[in-house]
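For reference, the structure discussed in these notes is given below.
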2 protein chains.
Amino acid sequence: MTLEANGKTKTEKYRRILEAAIKVFAEQGFFHSTISQVAKEAGVADGTIYLYFKNKDDILIQFYNYKTRNIFNRFRETVKEAENPSEKFRNLIRCHLREFQRDHNMAVVYMAEARKGRHLDKFVDELTKMYLNMVGEVVEQGQAEGTFRKNLYLSLVKRYVLGAVEAVISTWVYAGGKYDLESMADPLVDLFLRGIGSDDVAAG
Amino acid sequence: MTLEANGKTKTEKYRRILEAAIKVFAEQGFFHSTISQVAKEAGVADGTIYLYFKNKDDILIQFYNYKTRNIFNRFRETVKEAENPSEKFRNLIRCHLREFQRDHNMAVVYMAEARKGRHLDKFVDELTKMYLNMVGEVVEQGQAEGTFRKNLYLSLVKRYVLGAVEAVISTWVYAGGKYDLESMADPLVDLFLRGIGSDDVAAG
DNA sequence: CCGGTAAATGAATGACTATTCATTATAGAA
DNA sequence: TTCTATAATGAATAGTCATTCATTTACCGG
């Protein structure tokens, strides 16, 4: 029986390299990291990396595949679980923060490298679109039910939500992940829903 | 009289190299750009670059100095001109969008590289803080005057505003600067002030 | 224990490119 | 015109790494 057929050792090593790579990338940035460093961190030879990945870029691409599919499934679930649009919205934000808090290295790499290399654009783009769509659906539902305002520039709203959440995550990453990120969810949702204007003035 | 004493040719070449560099960086990304490309774009020899800049990284650092000081002065002015906090807030956002729209290459480089290299962190950090402080001051003034809600998590508000504005700029950059960015200001300010919740529900 | 296949190794290769510096051009002063 | 100091040049250097591949190791069936 080969290792491939077994399917266990192969997968384990693949994961080990991937986790090692993300750790190294998180510490040094993608461009400043070397294959040798990744290999060392993973406890394999340099050449071994190339049995599992096409090249250095491919490691990042696989990373996005490996991690973000899972996360997006969790996003979907948490949205599905909620009963009304504003609860869906709150769950989505909370889950987003929780998942990034869960894996600090991933958060660093995602935040730092997501808006970079030409190759990755297509994939990151897809993910971003998925997220924006999710926000869009929830907001439209909320509009239909009367929880959210009707006169919203929807595509702007979607960007604004994603941008603000990512900014909060970036700040947390930058601070070294010292405080509890998930607890930002409620105040943030409050801002999204009510804005910063005082109620009398804003409504006018 | 030397060129240095003259002060004109020297500065002109410095600017020429800087603009060329930003153009190249915007097209290829900092890491994928070579000094030779920058030199070619600027119409000088490779070695000439090193008469004006310490090294490749220094070009980016100088860029942040050269561009963002001006922009921040404009931010300050536009805020000073407005009479009340919500007008100050609106002016700030509008000016932010306008200045980035004005120089597409700058926008690309700023958005792509701001959250990267170890060396730049200190400087980008400073600029970010300056911006956050400006937002903070305006919001606090607005709270004192009753235009903005009292119970705001201020440090969160600052991040949320910057994050959302940057997301809107990123989207514009990514789309190739095709549409009018400044016109996003009013809808965006509206979101900041009123949020997305319908007034009756949000107020409850 | 043997033979063969798959997996892993890591030294060697080949590109690439930031940076240097010996040389050349320039431009004002005398 | 000649001299001098400054600016500019770009070929050569030196170092870095991604990637390859000839060799070794591990493993399994028979």
Side-chain angles (χ1 to χ4, degrees), chain A residues 1-63 109 113 116-120, chain B residues 1-63 109 113 116-120:
Chain A
M1 195 202 282
T2 70
L3 289 174
E4 174 81 59
N6 180 323
K8 189 144 185 201
T9 302
K10 181 110 187 186
T11 295
E12 268 172 25
K13 191 155 287 187
Y14 173 84
R15 294 238 163 140
R16 190 141 55 87
I17 293 171
L18 209 42
E19 295 289 355
I22 296 318
K23 185 176 173 195
V24 173
F25 294 169
E27 280 162 4
Q28 325 236 319
F30 178 74
F31 282 100
H32 282 128
S33 301
T34 70
I35 291 291
S36 289
Q37 288 176 303
V38 172
K40 198 173 179 187
E41 178 71 38
V44 300
D46 294 14
T48 306
I49 306 267
Y50 291 87
L51 300 175
Y52 296 89
F53 300 90
K54 217 165 64 216
N55 52 41
K56 193 182 167 188
D57 283 0
D58 191 44
I59 302 177
L60 252 196
I61 293 170
Q62 296 295 327
F63 160 71
V109 174
E113 315 293 347
K116 292 303 301 296
R118 301 276 84 74
H119 321 278
L120 304 171
Chain B
M1 197 201 282
T2 68
L3 288 176
E4 174 81 57
N6 181 321
K8 189 144 184 203
T9 303
K10 180 109 185 187
T11 295
E12 268 172 25
K13 193 157 285 186
Y14 172 85
R15 294 240 165 139
R16 190 142 55 86
I17 292 171
L18 210 42
E19 295 290 353
I22 296 317
K23 185 175 174 198
V24 174
F25 294 169
E27 280 163 2
Q28 323 235 317
F30 178 75
F31 282 98
H32 282 128
S33 302
T34 70
I35 292 292
S36 289
Q37 287 176 303
V38 173
K40 198 172 179 189
E41 178 73 36
V44 300
D46 293 15
T48 305
I49 307 268
Y50 291 88
L51 300 176
Y52 297 89
F53 300 91
K54 221 167 61 222
N55 52 42
K56 193 183 169 189
D57 284 1
D58 191 43
I59 303 178
L60 251 197
I61 293 171
Q62 297 296 328
F63 160 71
V109 174
E113 315 293 347
K116 293 301 303 300
R118 301 278 82 76
H119 322 278
L120 304 173

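Quick note on labels: first sequence line is chain A, next is B, and so on, each numbered from 1.
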[X] has a side chain; which of [options] sits nearest to it?
X     : options               : result
B:Y52 : D:dA18, D:dA7, C:dT17 : D:dA7
B:A45 : C:dA18, D:dG10, D:dA8 : D:dG10
A:L51 : C:dT19, C:dA7, D:dT9  : C:dA7
B:D46 : D:dC17, D:dT9, D:dG10 : D:dG10

Stepwise side chain to side chain contact (heavy atoms under 4.5 Å, CB included) check, A:V38 with A:F25: CA-CA 9 Å; A:V38 172; A:F25 294 169; 4.1 Å; yes

Whole angstrom is fine here: how far is it from [atom1] in [X] over to [atom2] in [N]?
X     : N      : atom1 : atom2 : result
B:I35 : D:dA11 : CD1   : C1'   : 16 Å
B:Y14 : D:dA7  : OH    : P     : 16 Å
A:K56 : C:dC16 : NZ    : P     : 16 Å
A:Q28 : D:dT16 : CD    : P     : 14 Å
A:I17 : C:dA8  : CD1   : C1'   : 10 Å
B:K40 : D:dG10 : NZ    : P     : 13 Å
B:I49 : D:dA7  : CD1   : P     : 16 Å
B:K54 : C:dT20 : NZ    : P     : 12 Å

Side-chain heavy-atom pair A:D57, A:L60 within 4.5 angstrom cut-off: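 Not in contact.
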
4.5 Å side-chain heavy-atom contact, A:R16 and A:K13: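 Yes; the side chains approach each other to less than 4.5 Å.
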
Ring geometry between A:F53 and A:Y14 (parallel below 30°, tilted from 30 to 60°, perpendicular above 60°):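 Geometry flag for A:F53 against A:Y14: parallel rings.
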
Looking at [N], I'd like to know if its phosphate oxygens (OP1 or OP2) sit under 4.0 Å from a side-chain N or O belonging to [X].
X     : N     : answer
A:T48 : C:dT9 : yes
B:Y50 : D:dT9 : no
A:K13 : C:dA8 : yes

Donor-acceptor contact below 3.5 Å, side chain B:K56 vs main chain B:F30: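 Checking the backbone N and O of B:F30 against the side chain of B:K56, a donor-acceptor pair under 3.5 Å is found.
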
